[in-house]
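See below for the structure under consideration.
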Amino acid sequence: MEIEIPKVYEPEKVEDKLYDFWQKNSQFSSLPKDGQKPFTIVIPPPNVTGVLHMGHALNNTLQDIIIRFRRMQGCNALWVPGTDHGGIATQNVVEKLLLSEGTNRHKLGRDKFLERMWSWRKESGDTILNQLKKLGCSLDWSRTRFTMDEVCSKAVMTAFVELYNKGLIYRGKRLVNWCPRCQTALSDIEVEHEEEIGKLWHIKYEIKPQKPSKGKKAAAEKEHLVVATTRPETMLGDTAVAVNPKDKRYKKLVGRTILLPLTQREIPIVADEAVDATFGTGAVKVTPAHDPTDFDIAQRSKLPMIVVIDTKGAMTPEAGAKYAGLDRYAARKAVLEDLEAQGLLLETAQHPHSIGHCYRCDTVIEPLISEQWFLKVEDMSKRAMKAVTDGKLKFYPASWEKPYLLWLENLKDWCISRQIWWGHRIPVYYCKSEKGKDGKPCKPVASAVPLEKCPNCGGAVEQDPDVLDTWFSSALWPFSVFGWPNGKESQISDFKSQISDLSYYYPTSVLVTGHEILYLWVARMVQMGLEFMNNIPFSEVYIHGIVRDKSGKKMSKSLGNVIDPLGVMKKYGTDALRFSLSQSAAPGRDMQLSDDSFLGARNFANKMWNASRFVLMNLQSVFWEPGYMAIWPLELADTWILSEYRQLVKDVTSSLEKYDIDQAARLLYEFFWSKYCDWYIEIAKIRLNGQDDASKKVALSILIEVLGGFLRLMHPIMPFITEEIWQTLIKFLRSPSQIKSISIMTYKWPEFDEAKLEKDSLAKMQIIMDVVSAIRTIRSEMNVPPGKPIKVIFNVSEKDASSVLEAHQPYLKALAKLEEINIGSTVERPPQSATAVVRGVEIFVPLAGLIDLEKEIARLEKEIVNAEGEEKRCEQNLANEGFIKRAPAVEVERVRTRLKDARLKAERLKDNIKSLKN
RNA sequence: GGGUAGUUAGCUCAGCGGAAGAGCACUCGCCUCACACGCGAGUGGCCGCAGGUUCAAAUCCUGCACUACCCACCA
């Protein structure tokens with residue numbers, strides 16, 4: 001078999017080809033199967049407007065790693081793809097488009113607009129899903145869902161109706177978060193608070209004089225009260241001034257009346273606990289229609305409400321003729337000017353406070369009174385909390401438990417209605433007939449199927465104009481994708497099975513997401529899962545960090561610091577991107593990315609490529625058959641690398657099980673580069689070029705065995721390059737009939753056999769490696785040309801070390817470029833030689849004529865300082881009675897050995913300096 | 001105001017109870033028959049500060065100081 005392998009790995013030549021190969025061979029698909037354990041992940045559905053950004057790349061790389069790992073472990077692994085309609089965000093995109101065409105949705109009308117939305121959705125297609133294919137994601141494409149497709153919509157309607165009929169969904173007029181730009185209400189969590197330096201204005205309010213009681217004169221001077229506010233324009237809607245009931249300063253003013261400046265409207269002074277006497281002046285203007293706290297105060301004191309700001313953020317006629325129509329900020333300016341002119345503006349202080357912004361368009365939120373639909377969350381929250389406190393739902397890292405619980409504990413009813421058109425229209429129908437059946441108007445009806453007539457009186461009906469919060473459908477995602485509420489039969493039409501998707505795959509195994517949507521999405525899925533499926537939607541939540549740029553800033557289009565993952569894949573290869581992301585994916589930790597990290601990962605891919613190339617090239621020239629490993633005796637290097645490999649299997653497996661993907665990536669990198677390549681391959685070269693046929697074949701066997709295992713362990717993280725190499729390697733591994741899996745991705749995950757681990761080989765090999773490194777250091781420091789062979793003398797008193805060196809002279813000769821080795825236990829120090837002492841082995845390199853005396857002495861002195869430091873530390877430890885008595889015996893023994901080695905080292909090096917000086 | 005995480009080599013980060021580590025950068029030497037996207041060697045750290053627990057602390061505990069993020073009806 002002749003193989004031509006390029007010197008440099010070329011990702012662009014293999015990636016698309018392999019993805020096609022996987023798809024053609026149905027490597028990603030899963031069907032319910034009795035007796036096989038499912039492992040299921042549903043994708044956090046990206047928005048249909050989306051293009052793949054680095055956050056998606058991270059999120060989906062991690063999911064793919066987990067799903068590939070479990071699939072190889074023998075689970076029936078399913079990863080469900082899909083997209084989210086994205087409510088406001090998506091509507092905004094199309095509205096912008098319309099604006100550029102000189103029209104808007106209102107001119108178009110609801111039906112035409114929705115047509116436009118759907119055609120746009122069709123046009124933009126599933127761009128992002130195709131980009132996930134570039135990333136190598138092993139999603140079961142036959143199961144692709146969309147939150148507004150038939151299956152998911154049915155789930156949404158059913159869920160709404162059930163909640164409505166249970167009385168958990170209600171309609172009410174409340175103060176809600178209103179985005180004046182998006183023209184819709186938002187839930188509390190869709191409001192982003194940003195700290196800003198605002199101003200706190202102190203305004204003088206005149207108190208209406210009391211009617212003088214009999215016999216007393218009216219107060220000579222006018223009385224005043226000063227209020228502090230950050231929003232002076234809302235004073236036009238004030239219906240009271242409130243003070244704390246315990247505030248002595250104002251106690252006697254409670255019940256009096258204020259003459260509101262600018263309008264001269266009369267409003268009362270009330271007492272309310274919500275007022276903080278220590279803040280500002282201790283007196284608060286109360287604007288119930290535009291502030292949540294004021295709204296509550298107004299409820300308690302039964303104050304009227306005056307709406308002075310409309311849905312566009314402009315002042316209403318109620319604000320007075322002078323201000324009506326002005327934008328809220330223009331009104332602020334005007335009000336301040338007018339107050340100033342009247343001498344009522346006393347003080348303007350800098351005031352840091354946080355302001356709510358729309359999470360979709362960043363416009364400042366306006367609290368407005370509005371009729372909306374709400375979902376009662378109290379009971380659902382309690383159950384969602386219990387799932388975590390009972391230990392059924394686990395977070396990785398666990399530190400997210402507390403924030404999750406705190407959030408649920410303080411959660412208020414969820415405003416689920418939006419005044420936009422793109423989304424699931426609220427399935428509530430109002431009877432248009434005023435009379436109804438028996439003279440009374442009919443109650444509204446919720447229905448999962450469209451209603452034409454009122455079920456009560458048969459009259460015409462009108463559907464509620466609002467749509468549901470996009471997160472309502474997202475909350476149902478883990479079961480709506482499996483066909484809930486149907487669930488009886490499989491959603492895959494050509495598959496006849498007794499097991500339904502829903503019962504087989506739900507609850508799913510793990511949810512992988514960033515912490516930014518923990519509340520927005522994760523907590524709600526748990527609530528809804530418990531509500532409708534009576535079971536949590538997943539038992540584990542793996543929360544990864546956020547991708548930042550190299551200076552630690554969040555990547556955003558507006559900052560212009562985004563790194564385009566598609567560009568990275570093109571430049572460095574998909575596997576390099578994936579490895580780089582994996583490397584820094586410690587659970588819960590944000591990561592900084594830069595070109596450097598991709599470059600390192602690309603180099604690693606190339607290293608894998610070339611090491612494999614080395615193995616494959618030798619396979620062609622050496623007669624080889626599987627099974628040699630069992631027949632021929634193994635050498636030290638063989639047992640060593642096998643031990644290391646087996647440890648690797650153990651560690652990588654447990655790391656992936658714990659979602660420590662960064663650790664898995666590092667372990668693999670370390671093993672492959674600094675063990676397999678740096679040492680095993682280098683030693684294998686000696687044997688492959690040697691005359692010992694048995695040693696040759698064994699080395700080749702181990703090279704293949706370990707490479708094959710490594711590739712499988714590496715596969716979840718770097719799927720393309722591992723498959724590409726595997727496809728060639730497999731031809732040598734087994735005859736075609738023996739190959740059960742066509743692809744590495746369905747080949748069995750390596751298993752760890754502790755019994756075969758040879759601990760002894762690690763220590764022995766360590767001697768070889770340390771001695772070689774020490775000799776290389778001498779060569780390098782003494783400027784011995786790399787090509788020049790040298791002689792070396794070992795003085796070893798310890799038998800074990802001595803026999804290891806004795807037995808592995810060919811290793812040493814090749815690795816350190818030696819022409820002659822002498823080993824003894826009482827060797828005379830040769831004159832003019834450089835020295836090193838490692839692991840009890842004294843090394844002499846005779847360098848007559850070559851040695852730089854001063855340099856060597858300086859080098860040795862430095863070594864002595866280190867050794868003596870070590871000596872001192874060990875002595876102190878051993879002199880400590882507590883240490884001897886309480887530390888484990890192994891530890892005490894270890895320190896004794898270290899002391900012995902350090903003493904020997906210091907002593908020998910000192911002797912050597914002496915002899916050099918003579 | 002509450003919460004969470006972080007602070008280790010110039011940079012990015014690992015280590016989380018028993019000898020300070022990696023990659024990049026830097027210095028020196030190498031086109032050594034897999035790889036210059038490479039090989040060999042080296043320089044570089046009172047492991048944020050202060051206490052405490054322990055025979056032993058970068059590692060556990062308590063404060064403090066910064067940094068970042070999240071939550072909150074700070075008028």
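These numbers were taken from a predicted model, which means no experiment stands behind them. Reminder, nothing fancy here: chain letters follow the sequence lines and each chain counts from 1.
Residue Ile546(A) contributes atom CD1, which lies 12 Å from atom C1' of A5(B) at whole-angstrom precision. One interatomic measurement links the two molecules: CG of Asp678(A) to P of C39(B), which rounds to 6 Å at whole-angstrom precision. Nucleotide C37(B) holds its C1' atom 19 Å from the CZ atom of Phe614(A), rounded to whole Å. If you take CD1 of Ile197(A) and P of C74(B), they are 16 Å apart, rounded to a whole angstrom. Across the protein-nucleic acid pair, Arg548(A) atom CZ and C13(B) atom P stand 10 Å apart, rounded to whole Å. The interatomic distance linking Leu518(A) (CG) with G3(B) (C1') rounds to 13 Å, in whole Å. Here the P atom of nucleotide G42(B) and the CZ atom of Arg859(A) are 9 Å apart, to the nearest Å. Between Glu893(A) atom CD and C55(B) atom P there is a gap of 21 Å when expressed in whole angstrom units.
Here Arg613(A) does not reach the OP1 or OP2 of A34(B): none of its side-chain N or O atoms lies under 4.0 Å away. For G23(B), neither phosphate oxygen OP1 nor OP2 lies less than 4.0 angstrom from any side-chain nitrogen or oxygen of Gln583(A). Within the structure, every side-chain polar atom (N or O) of Trp400(A) is placed at least 4.0 Å from both OP1 and OP2 of C69(B). Within the structure, every side-chain polar atom (N or O) of Thr230(A) is placed at least 4.0 Å from both OP1 and OP2 of C74(B). In this model, the phosphate group of G18(B) is not approached by any side-chain N or O of Asn877(A) to a distance below 4.0 Å at OP1 or OP2. The side chain of Lys7(A) contributes no N or O atom lying less than 4.0 Å from OP1 or OP2 of C37(B). Taking side-chain N and O atoms only, Lys402(A) has no distance below 4.0 Å to OP1 or OP2 of A5(B).
With the nearest nucleotide of RNA chain B identified for both Lys412(A) and His515(A), His515(A) has the one nearer the 5' end. When each of Ile189(A) and Ile884(A) is assigned the nucleotide of RNA chain B bearing its nearest heavy atom, the one mapping closer to the 5' terminus is Ile884(A).
Using the Watson-Crick or G-U wobble rule with both distances under 3.5 Å, C66(B) pairs with G6(B). Across every strand in view, C33(B) sits unpaired, with no contact that passes the Watson-Crick or G-U test at under 3.5 angstrom. Across the strands present, C28(B) finds its partner in G40(B); the criterion is a Watson-Crick or G-U wobble pair with both atom distances under 3.5 angstrom. The partner of C55(B), taking Watson-Crick or G-U wobble pairs whose two distances both stay under 3.5 Å, is G18(B).
Across C37(B), C24(B), A14(B), the shortest atom-to-atom separation from the side chain of Asp596(A) is found for C24(B). Side-chain proximity of Ser780(A) to the nucleotides G40(B), G3(B), C55(B) is greatest for G40(B). Side-chain proximity of Phe279(A) to the nucleotides A41(B), C55(B), C74(B) is greatest for C74(B). In this structure, the nucleotide among U4(B), G29(B), G3(B) sitting nearest to the side chain of Leu406(A) is G3(B). Picking from A34(B), C55(B), C37(B) the nucleotide with the shortest atom distance to the side chain of Val8(A) gives C37(B). Checking G18(B), C35(B), A14(B) against every side-chain atom of Arg666(A), the shortest atom distance belongs to A14(B). Of all nucleotides listed (A41(B), G3(B), A5(B)), A41(B) comes nearest to the side chain of Thr777(A). You'll find that the side chain of Asn603(A) is closest to G38(B), out of G38(B), C73(B), C35(B).
Looking at heavy-atom distances under 4.0 Å, Glu682(A) makes contact with a base. Among the atoms of the strands shown, base atoms are found under 4.0 Å from some heavy atom of Glu195(A). If you check every strand for non-hydrogen atoms under 4.0 Å, Lys862(A) touches sugar and phosphate atoms only. Trp201(A) comes within 4.0 angstrom of no nucleic acid atom, judged by non-hydrogen atoms across all strands. Nucleic acid contact for Cys874(A): none, since no nucleic acid atom lies under 4.0 Å from a heavy atom of the residue. No contact: Val895(A) has no heavy atom under 4.0 Å from any strand. Tyr9(A) comes within contact range of no nucleotide atom at all, as no heavy-atom separation falls under 4.0 Å. Within the nucleic acid shown, Ser773(A) comes within 4.0 Å of sugar-phosphate atoms alone, with no base atom in reach, counting heavy atoms only. Residue contacts shown for Glu881(A) are absent, as no nucleic acid heavy atom lies under 4.0 Å away. Nucleic acid contact for Lys817(A): none, since no nucleic acid atom lies under 4.0 Å from a heavy atom of the residue. Among the atoms of the strands shown, base atoms are found under 4.0 Å from some heavy atom of Pro888(A).
The gap from the C1' atom of U32(B) to that of G40(B) amounts to 10 Å, rounded to the nearest Å. Only the P atoms considered, C47(B) is 9 Å distant from A9(B), to the nearest whole Å.
A salt bridge links Glu875(A) with Arg903(A): the distance from a Lys NZ or Arg NE/NH1/NH2 to an Asp or Glu carboxylate oxygen falls below 4.0 Å. Salt-bridge formation is not detected for the pair Asp901(A)/Lys905(A): no Lys NZ or Arg NE/NH1/NH2 atom is positioned less than 4.0 Å from an Asp or Glu carboxylate oxygen. Contact check on Glu233(A) versus Arg231(A) returns a salt bridge, with a Lys/Arg side-chain nitrogen under 4.0 Å from an Asp/Glu carboxylate oxygen.
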- Message: Please evaluate residues Glu670(A) and Lys675(A) with respect to the criterion salt bridge (charged side-chain N to carboxylate O under 4.0 Å, His left out), reporting the C-alpha separation (whole Å), side-chain torsions for both, the decisive distance (0.1 Å), and the verdict.
- Response: CA-CA 7 Å; Glu670(A) 222 270 323; Lys675(A) 288 175 181 152; 3.4 Å; yes
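Using modelled atom types, one finds a donor on one side chain and an acceptor on the other under 3.5 Å when comparing His357(A) with Glu196(A).
Between Trp407(A) and Tyr519(A), the ring-plane angle classifies as parallel under the 30° and 60° cut-offs.
Residues Trp673(A) and Tyr669(A) place their aromatic rings such that the two centres sit under 6.0 Å apart. Here His544(A) and Tyr396(A) keep their ring centres 6.0 angstrom or further from each other.
Residue Arg602(A) places a side-chain atom within donor-acceptor reach of the base of C37(B), judged by atom type and a 3.5 Å distance cut-off alone. One can find a donor-acceptor pair under 3.5 Å joining the base of C35(B) and the side-chain atoms of Lys607(A).
Of the listed residues (Lys285(A), His290(A), Arg328(A)), just one forms a side-chain hydrogen bond (donor to acceptor under 3.5 Å, both in side chains) with Thr234(A), and that residue is Lys285(A).
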Sort me out a list of protein N/O and nucleotides 19-22 of chain B N/O pairs below 3.5 Å, or just none if empty.
residue : atom : partner   : partner atom : Å
A19(B)  : OP2  : Arg898(A) : NH1          : 3.2
A19(B)  : N3   : Glu870(A) : OE2          : 2.8
A19(B)  : N3   : Arg898(A) : NE           : 3.0

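Annotation: side-chain hydrogen bond (donor to acceptor under 3.5 Å, both in side chains) contacts involving residues 597-606 of chain A, sequence neighbours excluded, comprise Ser580(A)-Ser597(A).
Without hydrogens or angle criteria, Arg779(A) side chain to Pro785(A) main chain gives a donor-acceptor distance under 3.5 Å.
In this structure Pro11(A) satisfies the side chain to side chain contact (heavy atoms under 4.5 Å, CB included) test together with Tyr9(A), Glu15(A), sequence neighbours excluded.
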